[in-house]
Protein chains: 2
Amino acid sequence: MSIDGQLPPKARLLRAAAELLANSGGSAVSTRQITQQAGVTAPTLYHHFGDKEGLFDAVVAAGFDEYVAGERDFAPSGQPLEDIRRMWDNHVEFGLKQPELYLVMFGNIRPESRPAIVADAEALMEEMFNKAAVSGQLNVPPKEAARSILAANVGVTLMLIAEKVPERNLELSAMTRDAMIFAVSTEQARDNGSDDSGKSSVVVAAIALNAALQASHSDQLSSSELKLFLEWLHRISTSSTS
Amino acid sequence: MSIDGQLPPKARLLRAAAELLANSGGSAVSTRQITQQAGVTAPTLYHHFGDKEGLFDAVVAAGFDEYVAGERDFAPSGQPLEDIRRMWDNHVEFGLKQPELYLVMFGNIRPESRPAIVADAEALMEEMFNKAAVSGQLNVPPKEAARSILAANVGVTLMLIAEKVPERNLELSAMTRDAMIFAVSTEQARDNGSDDSGKSSVVVAAIALNAALQASHSDQLSSSELKLFLEWLHRISTSSTS
DNA sequence: GCAGTTCATATAGCGTTGCTATAGGTGCTA
DNA sequence: TAGCACCTATAGCAACGCTATATGAACTGC
């Protein structure tokens, strides 16, 4: 199962490490696995990459190029905030598509040691926020906005990765994304008081009622009634959120 | 350097693990270190805790108690959203005070394996959001709000931990916190005379929901369902919930 | 008081990990 | 051909998580 062919050992090591990482399923990947799959022996790895972390950094660098490509490849829409929204989604998508690589990049956290890649990602996002700031759409400095959004973006992505696939709910991402972007922006489209105010008041009321019922051990309703009742409330409160 | 004294080996192991973890400075802690410092041998560890992760889980459980104590120990201000704000700050403070322990609790992420502790923390926060929902201060379901806020809270805390101490800027936390809380809240609750919040809100919410349902041609429910539903709402809203 | 049982700890060692001291091969320039 | 970098392999070290096995201690039933 080794990677034969004409590639030089260094490239074979990179490729083997990336493949094993992608298929590891969360368990650790050993240097012996990597060198065996690459068809080389241990000293070759350490000659080219110094140590295991060096190899992983190199893999991450390649992964980051892919990440950056995803972050840049859409045409600027002229609306920086819309671009940032897409940046967020690209970030989450990248994390869910390659969770192991993402975890090496963003999940390998140790106190007071900030991976260079985080700074790079932050710079990428700050660059985008600068455009928003130029057009007066920001109410906080771009740097702060980028740091804040990236932190939330990483937090959401990590939480989604930790969840089992069938339970992953991208609403979490969309909601957090919009909340954060709105918070740093100057747009005031919050309360239009227009048509959907009726709808949203249903939602608010249903949510409040639902919570109140769960809080008080309501003996107004039998348990089976209550169950159905709550199910309806849930249907209402989740169906009409737009 | 071993922990002598009268404590049973199990407690000594827990204590040694917690101490070593707190002083590890980010590097890994081995079972040999732990057993040596505890003054026992390896099989004792595995007899009591199964494996290394079991021991760490036990340490985390103790750490979580401390975390929960921090999250609960302030008196409810009567303003749930204000309490949530303090919850957020407690979370960050806990993470910065004991980064290694925090990383074991919230930073040990693997795909599709969600640590039980995350679910616990989420439940704790959801509980608080339920109170906010009761007083009609939420515009999203409490569960979604809790997940979203917790994700952002963890993301911010991890990012702060990764930064070198002198560069840590708590503005990042405050800003993200307020952004998230604002986003899930119904900002209208500001000028409420807070009198009619609480238990009677069941009635208020039920009435509001009732009116809203009748106003909109709700096609979420069938007509017979709606009839029964409204009957229940009537029962609830005309009786006093304890 | 004594055998039987269970719990708790120790001795010794297995297999794997990341990594390296040393040496040998390969291809280039002179 | 000689010399010199560069690259790779053999073999093995120390540390890791973990365990098969055995021994001691404490309690139970008769």
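Numbered from 1 within each chain, the chains take letters A, B, ... in sequence-line order.
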Under 3.5 Å, which donor-acceptor pairs link side chains of residues 169-182 of chain B to any protein atom two or more places apart or in another chain?
unit_1	atom_1	unit_2	atom_2	d
B:Asn169	OD1	B:Glu171	N	3.0
B:Ser173	OG	B:Trp88	NE1	2.8
B:Thr176	OG1	A:Ser148	OG	2.7
B:Thr176	OG1	B:Leu172	O	2.6
B:Arg177	NH1	B:Asp89	OD1	3.0
B:Arg177	NH1	B:Asp89	OD2	2.8
B:Asp178	OD1	B:Arg85	NE	2.9

Whole angstrom is fine here: how far is it from [atom1] in [X] over to [atom2] in [N]?
| X | N | atom1 | atom2 | value |
| --- | --- | --- | --- | --- |
| A:His47 | D:dA5 | NE2 | P | 14 Å |
| B:Leu45 | C:dA8 | CG | C1' | 13 Å |
| B:His48 | C:dT9 | NE2 | C1' | 8 Å |
| A:Gln36 | D:dT10 | CD | P | 13 Å |
| A:Leu13 | C:dC19 | CG | P | 14 Å |
| B:Glu53 | D:dC16 | CD | P | 18 Å |

Quick one: do A:Arg110 and A:Glu53 make a salt bridge, cutoff under 4.0 Å?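 Salt bridge: yes.
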
Are the charged groups of B:Glu19 and B:Arg15 less than 4.0 angstrom apart, N to O?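 Answer for the salt bridge query: yes.
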
Open item on the list: So which atom in A:Phe49 and which in A:Leu55 form the shortest heavy-atom distance, rounded to 0.1 Å?
Closed with: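 Result for this residue pair: CB-N, 3.6 Å.
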
Separation of A:Leu96 CG from A:Gln98 CD (nearest 0.5 Å):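 So the CD of A:Gln98 and the CG of A:Leu96 are separated by 11.0 Å.
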
Protein N or O to nucleotides 12-18 of chain C N or O, pairs below 3.5 Å:
unit_1	atom_1	unit_2	atom_2	d
C:dT17	OP1	A:Ser30	OG	3.3
C:dG18	OP1	A:Thr31	N	3.3
C:dG18	OP1	A:Lys52	NZ	2.6
C:dG18	OP2	A:Thr31	N	2.7
C:dG18	OP2	A:Thr31	OG1	2.8
C:dG18	N7	A:Arg32	NH1	2.8
C:dG18	O6	A:Arg32	NH2	3.0

- Message: Within the 4.5 Å heavy-atom criterion, are B:Glu112 and A:Glu163 side-chain neighbours or not?
- Response: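 The answer is no; the side chains never approach within 4.5 Å.
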
